[in-house]
Amino acid sequence: MLHVFGHRVWEPGSCRSNKSGFLLYLFVGSTLVDLYAKCGEIELADRVFFGMPDKNDVSWNALLNGYAQRGDGEAVLKLFSWMTECEMKFNKFTLSTVLNGCANSGNLREGKILHSLAIRSGCELDEFLGCSLVDMYSKCGATYDAQIVFSRITDPDIVTWSAMIAGLDQQGHSQEAAELFHLMRDTGVKPNQFSLATVVSAATNMGDLCFGQSIHSCIHKYGLESDNSVGNALIMMYMKSGCVQDGIRVFEAMTDRDLVSWNALLSGFLGLETCDQGLRIFYQMLVEGFKPNMYTFVGVLRSCASLLDVCFGKQVHAHIIKNSLDGNDFVGTALIDMYAKSRCLEDADVAFNRLTNRDLFTWTVIITGFAQSDQAEKAVKYLGLMLRGGIKPNEFTLASCLSGCSSVAALGNGQQLHSVAIKSGHFGDVFVASALVDMYGKCGCIEDAEAIFKGLFSRDTVSWNTIISGYSQHGQGKKALEAFRLMLDEGIVPDEITFIGVLAACSYMGLVEEGKKLFNLMCKDYGITPSIEHHACMVDVLGRAGKFNEVDIYIEEMKLSPYSLIWETVLGSCKLHGNVDFGKRAAEKLFELEPKRDSSYILLSNIFAARGRWDDVRNIRALMTTQGVKKEPGCSWVEVDGQIHVFTSQDGSHPKTREIYATLEELGQKLASIGYIPKTENVLHNIGNKEKMEHLYYHSERLALAFAFISTNPIKPIRILKNLRICGDCHDFMKLITDLTNREIVVRDIKRFHHFKRGTCSCQDHW
DNA sequence: CTAGGGTTAG
């Protein structure tokens, strides 16, 4: 129904109800089609158009334009082909509109046909048509063709310039977009709000905040700050580059904010400090009467993912269902990500299974979720399902799946991924390669890590860091320092992680002077401000070398007293050197800083026990009881045939328990015959000596070892993982076993790797 | 009856 100044001037259908053949005059019809189309009443425009007994090019163009404005490119193309079938003549207006249809449906083939039609009718370089052609080629991804058309237009106007700049930016050539913008200004064309918004988006995509700020001041000069498109682009830029306050300032200065402004604002509240603000803004926009769309939910879900409480995420999920957006792929993927990051993998899985169109991103999100929650097996299983569904992984999928394997040391799964990486052609990617090096290193196969690293075509700081820390963790300090020299020779700049690796190597090898030299190099030559971790490395360098006086001075001078990591390091050195006095001081500091941490009590007790000070050992035990400190339950795991088997101390739940205990019994007898006596002082529980022996005997790492003995190939090394430090007695036990059975054992505990071979350990008993 | 911009998961 159309009203003009309150009068009813036209009622649809009245022409059809008049069967007497009331002829609608052509110009009235065309004008009405145009009016309805422009009001967004495409159905009415359609009815009027098809009710017209005679149609001319103007009425066709009006209807085509109506569909083009809705973004329905398919319909435009269908109408156009029908128009040519009717042998209707078309003009440059038609071509321009249909090109618009090609642009928003991405139909390059049809677009090229239209281009040739334009050339034939001699209007290719018409001011409007030229612009439509540039836009069509850009939106269809044919940037080169767009540039050719653009270069042939002799005097492009601001609209054509804007279309070309936007085209370059959207196809990932933001740098060239910015350059074209400068060229435009040099030509003397004054930028308008559209070209400025585009160039702000180019600055955002390049991550060049400085350039963006210079454009901002230019915008200020033209007084275009309050324009919606400009303001929205600026908000986006500031939020994306983490300048939350600047983003808010632009938002607040805008006079009529739309949904896009709110969404742009919402996109930036990530991380612990600001995420709750994102939620507040979401509720604020609901209060102000805005109806959230998919972009809103993607933004607010990202804020929820940073919160430590899944409860808000669930509230937002309810809003999503209310707005019937739970079937949307973008929203669905963001939901999976939110649940996965909140460690609710079951909810993430439910959301994942509800989605019908799973693309690479969806799969990557769920796979990453499992990988980061120490569920490497599940991550690899989903990767397999994805491959079977015909979707190829990208470098992100592989790298995050691999890092999941690294953290739980799932070697078998990691090896499978190695072959997937080769088959899918991502082996050469630096991220994937570094993840592979790290995976092999963390699974105890430093030789494999080394082999992959040496075969790498290009190496960046991250890949060098990976191999350097790998060598360090495996006790190969010399190789770590060699690698560092090679890295510098290749001209790769070390970062703060690199220095953690090399300083750890120095402390391990007892290289005090070298450690001091590297520390100075880091501060002076590379301008890196030492973190607490770096200081802890230095304390370790001095402490392991037994230079306790220097440790004391260092802590005093660097004001390191408030940090538990420092005192934990000191305590470790005191245990190594049997330094009771300093050990007591360090432990007391730790009891004060972190009274619930069990390892400080255990370490101090071990220091006393080694000196035979049993009264002090008893006092520590009593202190633990009064403080309510409980020893964290230890657990160990091994991988057999791609399956991970977990054991706790004195565990009886494994199906092969009987054989495992029998194997341990047998090994124990053999060891006793060569003079092994269990170090019962390693047991803190207040129980009798016989029970203590039993306790030691069935520590989780020994159960894992026995299980590996009976279920794996005897020529392969056994790889065991433990969530705590390996106990002193188990360490002795492993050394003797390797001597007795001639089998290599690798144990990864929370601190480092222990390679047991022929009665010795790579850590040289300095763990 | 014709053109340009701004929001999208790892």
Side-chain angles (χ1 to χ4, degrees), chain A residues 30-31 33-35 37-38 56-66 68-69 90-100 103 123 126-136 138-139 156-167 169-170 192-201 204 227-237 239-240 258-267 293-299 301-302 305 328-338 340-341 359-369 371-372 393-401 431:
Chain A
S30 301
T31 313
V33 172
D34 186 40
L35 268 167
K38 288 217 172 98
N56 66 358
D57 53 350
V58 177
S59 49
W60 273 101
N61 289 348
L63 188 66
L64 281 168
N65 195 42
Q69 303 250 300
F90 53 82
N91 55 24
K92 62 176 188 173
F93 298 113
T94 326
L95 289 178
S96 188
T97 306
V98 181
L99 277 169
N100 187 3
C123 53
D126 170 87
E127 167 180 22
F128 283 109
L129 205 52
C131 186
S132 301
L133 279 167
V134 168
D135 188 46
M136 181 278 293
S138 294
K139 291 222 171 87
D157 63 354
I158 180 68
V159 181
T160 313
W161 279 102
S162 308
M164 192 63 240
I165 296 170
D169 180 45
Q170 280 157 11
N192 64 359
Q193 70 271 36
F194 293 119
S195 49
L196 285 166
T198 304
V199 79
V200 168
S201 139
T204 311
D227 179 85
N228 257 18
S229 37
V230 175
N232 293 345
L234 282 172
I235 297 171
M236 201 55 218
M237 175 183 80
M239 296 314 268
K240 256 207 177 138
D258 56 12
L259 184 60
V260 176
S261 327
W262 285 94
N263 289 349
L265 185 72
L266 264 175
S267 68
N293 66 1
M294 59 175 279
Y295 296 113
T296 321
F297 285 119
V298 168
L301 281 171
R302 287 209 301 187
N328 178 288
D329 292 335
F330 282 112
V331 177
T333 308
L335 258 177
I336 300 168
D337 190 47
M338 182 276 292
K341 290 218 172 86
D359 66 358
L360 177 59
F361 274 114
T362 323
W363 281 101
T364 304
V365 169
I366 191 86
I367 289 169
T368 308
Q372 290 178 347
N394 65 8
E395 60 274 28
F396 290 105
T397 328
L398 288 171
S400 66
C401 206
F431 288 95

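Bear in mind that the values here come from a model prediction, so they are computed numbers and not experimental data. A, B, ... follow the sequence lines: proteins, then strands. Residue 1 opens every chain.
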Point to revise | Any donor-acceptor N or O pair under 3.5 Å, side chains A:Asn56, A:Ser59 | key: yes
Point to revise | Between A:Thr397 and A:Asn394, a side-chain donor and acceptor under 3.5 Å | key: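 Result is yes, a qualifying pair exists.
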What is the separation between atom [atom1] on [X] and atom [atom2] on [N], rounded to the nearest whole Å?
X	N	atom1	atom2	result
A:Asp359	B:dA9	CG	C1'	9 Å
A:Ile235	B:dT8	CD1	C1'	17 Å
A:Asn100	B:dG5	CG	C1'	14 Å
A:Met236	B:dG5	CE	C1'	14 Å
A:Phe297	B:dT8	CZ	P	16 Å
A:Asn328	B:dA9	CG	C1'	11 Å
A:Trp262	B:dT8	CH2	C1'	21 Å
A:Asn61	B:dC1	CG	P	10 Å

Select base, sugar-phosphate, or nothing to describe what [X] touches, counting heavy atoms under 4.0 Å on all strands.
X	result
A:Ser400	nothing
A:Asp126	nothing
A:Ala166	sugar-phosphate

Rounded to the nearest 0.5 Å, what's the gap from [atom1] on [X] to [atom2] on [Y]? Could you check?
X	Y	atom1	atom2	value
A:Phe93	A:Leu129	CZ	CG	10.5 Å
A:Phe330	A:Thr362	CZ	OG1	9.0 Å
A:Asn228	A:Gln193	CG	CD	10.5 Å

Exercise for review: Could you tell me whether the side-chain ring of A:Phe396 sits stacked on the base of B:dG10, using a centroid cut-off under 5.5 Å and a plane angle under 30°?
Suggested key: no
Closest to side chain of [X], choosing from [options]:
X	options	result
A:Ala197	B:dT8, B:dT2, B:dG5	B:dG5
A:Gln69	B:dG6, B:dA3, B:dT8	B:dA3
A:Val365	B:dG10, B:dG4, B:dG6	B:dG10
A:Phe93	B:dG10, B:dC1, B:dG6	B:dC1
A:Phe194	B:dG5, B:dG10, B:dA3	B:dG5

Would you say a side-chain N or O of [X] is under 4.0 Å from OP1 or OP2 of [N]?
X	N	value
A:Asn293	B:dT7	no
A:Lys240	B:dT8	yes
A:Gln170	B:dG5	yes
A:Asn65	B:dT2	yes
A:Lys139	B:dG5	yes
A:Thr97	B:dT2	no
A:Lys341	B:dG10	yes

Check: [X] side chain, [N] base, donor-acceptor under 3.5 Å:
X	N	result
A:Ser229	B:dG5	yes
A:Asp258	B:dG6	yes
A:Asn394	B:dG10	yes

Check your understanding: A:Arg302 side chain to A:Ser267 main-chain N or O, any donor-acceptor pair under 3.5 Å?
Key ->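 Answer holds: yes.
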Point to revise | Closest non-hydrogen atom pair, A:Ser400 against A:Ala371 | key: O-CB, 3.2 Å
